[in-house]
Asker: 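Sharing a structure here in structure tokens format.
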There are 2 protein chains.
Amino acid sequence: MLTIFIDAVLWGGNTLSVLISKKPDRPLRPPVSKKIVRSLREQITDALRSEVLAGEWTNEAPMREHALAERFGVSRGPIRDALLQLSQEGVLVYSPNKGVRVNTPPAEAERLLLQSMRREMETFCIGRCMKHLTEADDEQLEGILAELTRACERADLSAIADADLALHRYLVRRASRELEGVWQSIASRLLMDYSRIDRLDQIVAEHEAIVRAVKKRNLKAAQKAINANII
Amino acid sequence: MLTIFIDAVLWGGNTLSVLISKKPDRPLRPPVSKKIVRSLREQITDALRSEVLAGEWTNEAPMREHALAERFGVSRGPIRDALLQLSQEGVLVYSPNKGVRVNTPPAEAERLLLQSMRREMETFCIGRCMKHLTEADDEQLEGILAELTRACERADLSAIADADLALHRYLVRRASRELEGVWQSIASRLLMDYSRIDRLDQIVAEHEAIVRAVKKRNLKAAQKAINANII
DNA sequence: ACTTTGTAAAATGTTAACAATTTTTATTGA
DNA sequence: TCAATAAAAATTGTTAACATTTTACAAAGT
């Protein structure tokens, strides 16, 4: 794998330009304890997921591998990996020899089922991780919450989707690394019509309630807040 | 994509040899109505999944891409795709730069949660597809059941895992193509200790009960039979 | 005008070579 | 003998070229 350094992320209209270099011009500060290296595939997957969930792609036109490869400055290999992963996650739909498109939101009945399953999962996860959460976790959650707040203030749907998922994912991860994959594919499908969200302040309020309850180590309140947020 | 023709599948001890040729020596009968082409990735994914679920791989040694590529007679590309997909499914565990290993079965608490979610899903699916099932579906289910029976008779764990999953997958698919991916990753994780199954006759009996209830279009009985089978 | 057919372009599927990383093995030193 | 270090092998990550399939478009025929 290639350890890459993102020098800058430029946001301009519909294109996201990420400058990637193999070595930094000057040495960055040494890794704190363990270096976190994310594969190209993982980075591209996350970038594309948040874009799709933010509604920046329609399902009219297929997403072209070549164009994406050029945009991210990599070859088609990692792009294909990312598209394949997002297809399994339910964000994209894959057709053999035809490429991928954005998936459509689940029908009402499916949505209710997935919602119920997500509630079941997150209720389980918060109940499992609550007891061994530390102040460091509180800080992390506050950080994600701050990011979510900033993203809502500037109405950046892509960043909002990122932060929203990140907060929930953090709690799932603390409970069970094993369940993260299942959770992701359920949550992604439920957020497929995220772009229709309009009340941004409500998103902040709901997540503030979650973090508040978690910091107080109040399990019942946390579960209630989470269930209120999963709609 | 490459349409491949499997000339023979040779099973000998721990190695599976599949002879693949691009063109058949003499023309086969033309496709019935629509040709069903499964990508290399899909075929390899299915083959490896049933092997892992049957306990033919330990999680001691990592699965090597090169060895698998040679065994299947393809390059490492499709192998990597399959391994990536199975990692997302929870069958394998992926470590950057180190390859994949067989995942360990979920802990008791996780298993109970996944079980509950699988029951919820399949109960939903059978309730949704029951009304529009036809006699053609009954035949398909009978066919899968027959395959399961034969597999149990010769105690072929790999084939048993295949047929078991195929039967449930059939009903999920009939209800919702959208939910299939989520279902697969839950079911795979639950079957991670499939090799410990010893009462093969019980497997057959449980699935016979499911098919019997479905053929009678008895929803309650079908849901009961399915729930009894998910343990 | 409409359908059909053939050709070219564009897209995905696959492969093999190369790059980077990890693991193993051998060597050197105390 | 053991530990530390360096070279070598093995393995995964990435790329670019090639193969196959699909799609778009134009020409010909009815």
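Numbered from 1 within each chain, the chains take letters A, B, ... in sequence-line order.
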Asker: Between the protein and nucleotides 8-11 of chain D, list the N/O to N/O atom pairs that are separated by less than 3.5 angstrom.
Answerer:
| unit_1 | atom_1 | unit_2 | atom_2 | d |
| --- | --- | --- | --- | --- |
| dT11(D) | O3' | R64(B) | NH1 | 2.8 |

Asker: Rounded to the nearest Å, what distance is computed from the CZ atom of residue R41(A) to the P atom of nucleotide dT15(D)?
Answerer: 14 Å
Asker: To the nearest 0.5 Å, tell me how far L191(A) CG sits from S50(A) OG.
Answerer: 12.0 Å
Asker: Between P on dT12(C) and CG on L84(A), what's the gap in Å once rounded to a whole number?
Answerer: 14 Å
Asker: To the nearest 0.5 Å, what is the distance between CZ (F124(B)) and CG (L112(A))?
Answerer: 8.0 Å
Asker: Of all the heavy-atom pairs spanning V100(B) and L92(B), show the shortest one and how long it is.
Answerer: CG2-CD1, 4.0 Å
Asker: P78(B) side chain: which of dG13(C), dT15(C), dT14(D) is closest?
Answerer: dT15(C)
Asker: Nearest to the side chain of R76(A) - dA17(C), dA17(D), dT15(D)?
Answerer: dA17(D)
Asker: Separation of E70(A) atom CD from dT15(D) atom P, in whole Å?
Answerer: 13 Å
Asker: I need the CD1-P distance between I79(A) and dT12(C), as an integer number of Å.
Answerer: 11 Å
Asker: Once you round it to whole Å, what is the distance between C1' of dT14(C) and CZ of R80(B)?
Answerer: 14 Å
Asker: Atom CD1 in I126(B), atom CZ in R174(B): separation rounded to 0.5 Å?
Answerer: 11.0 Å
Asker: Without decimals, in angstroms, what is the distance between Y94(A) OH and dA11(C) P?
Answerer: 16 Å
Asker: Ring-plane angle category for H168(A) and H207(A), please: parallel below 30°, perpendicular beyond 60°, tilted otherwise.
Answerer: perpendicular
Asker: Among residues at least two apart in sequence or on other chains, which ones pass side chain to side chain donor-acceptor pair (under 3.5 Å) with S188(A)?
Answerer: E89(A), Q184(A)
Asker: Whole angstrom is fine here: how far is it from CZ in R101(B) over to C1' in dT22(C)?
Answerer: 13 Å
Asker: Round to the nearest Å and state the distance from D81(B) atom CG to dT12(C) atom P.
Answerer: 14 Å
